[in-house]
Amino acid sequence: MSQSTEPRWQTMRTEESCIVETVLKEAGFHQVDAYRYNPGSIRVRVIDPRFANLSEDERADLVEPHLKRVPEDIRRKIIMLLAFAPEELEFQSHPTTTNWKFLFLNEEFENPSPSLL
């Protein structure tokens with residue numbers, strides 16, 4: 001009997017989350033991951049070097065116009081949109097407060113806490 005080493009969030013992918021991934025990958029973002037967190041919500045993570053040194057609002061401004069290509073019924077379900085520069089997810093010997101924030105948010109994406117729904 002084999003056990004899957006696939007992260008839990010990958011088992012939570014749906015046709016809808018794959019549509020979100022496809023649209024954002026076609027827009028040229030380096031890495032895009034999405035999954036259905038619960039019946040009413042989708043979580044999205046975008047990792048791209050262009051996000052370095054940008055505020056959260058500036059990052060969202062880069063991603064959100066592309067989400068208009070996602071069908072509205074799917075787009076309404078996106079409740080978490082995380083945008084990271086690759087280096088923000090690397091553990092450093094002297095992490096900053098910002099690094100800890102990004103690492104914490106990424107950990108919740110990677111290992112979602114149980115949904116109340």
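Along the sequence shown, the residues carry numbers beginning at 1.
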Do [X] and [Y] make a side-chain contact, defined as non-hydrogen atoms from C-beta onward lying under 4.5 Å apart?
| X | Y | value |
| --- | --- | --- |
| Leu82 | Asn106 | no |
| Glu110 | Trp9 | yes |
| Arg50 | Arg59 | no |
| Thr11 | Glu6 | yes |
| Ile74 | Val20 | yes |
| Lys77 | Ser41 | no |
| Val46 | His30 | no |
| Met80 | Val44 | no |

Residues that Ala27 engages under side chain to side chain contact (heavy atoms under 4.5 Å, CB included), provided they are two or more places apart: Phe29, His66
Cluster overlap Leu105 with Met12, hydrophobic side-chain contacts below 4.5 Å: yes
Val32 with Ile19, same ILVMFWY side-chain cluster at under 4.5 Å: yes
Reported CG-to-CD distance for the pair Asn53 and Glu58, which is rounded to 0.5 angstrom: 10.0 Å
Nearest-0.5 Å distance that lies between atom CG in Leu67 and atom CD in Glu72: 12.5 Å
Crowding at CD, Glu56 (>12 non-hydrogen neighbours, <6.0 Å): no
More than 12 heavy atoms from other groups under 6.0 Å of CG on Asp73: yes
side-chain contact (heavy atoms from CB on, under 4.5 Å) assessment of Leu62 paired with Leu54: CA-CA 10 Å; Leu62 287 176; Leu54 295 181; 3.6 Å; yes
Keeping the roles fixed (side chain from [X], backbone from [Y]), state whether a donor-acceptor pair exists under 3.5 Å.
| X | Y | value |
| --- | --- | --- |
| Gln10 | Pro7 | no |
| Arg75 | Val70 | yes |
| Glu108 | Ser113 | yes |

Closest heavy-atom pair and its distance - Phe109, Asp33: CZ-O, 3.6 Å
Atom of Ile42, atom of Ser17 and distance for their closest heavy-atom approach: CG2-CB, 4.4 Å
Glu21 and Arg43 ion-paired at < 4.0 Å: no
Residues in ring pair (Phe, Tyr, Trp, His ring centres under 6.0 Å) contact with Tyr37, at least two apart in sequence or another chain: none
side-chain contact (heavy atoms from CB on, under 4.5 Å) between Phe51 and Val63, intermediate numbers included: CA-CA 10 Å; Phe51 296 139; Val63 177; 3.7 Å; yes
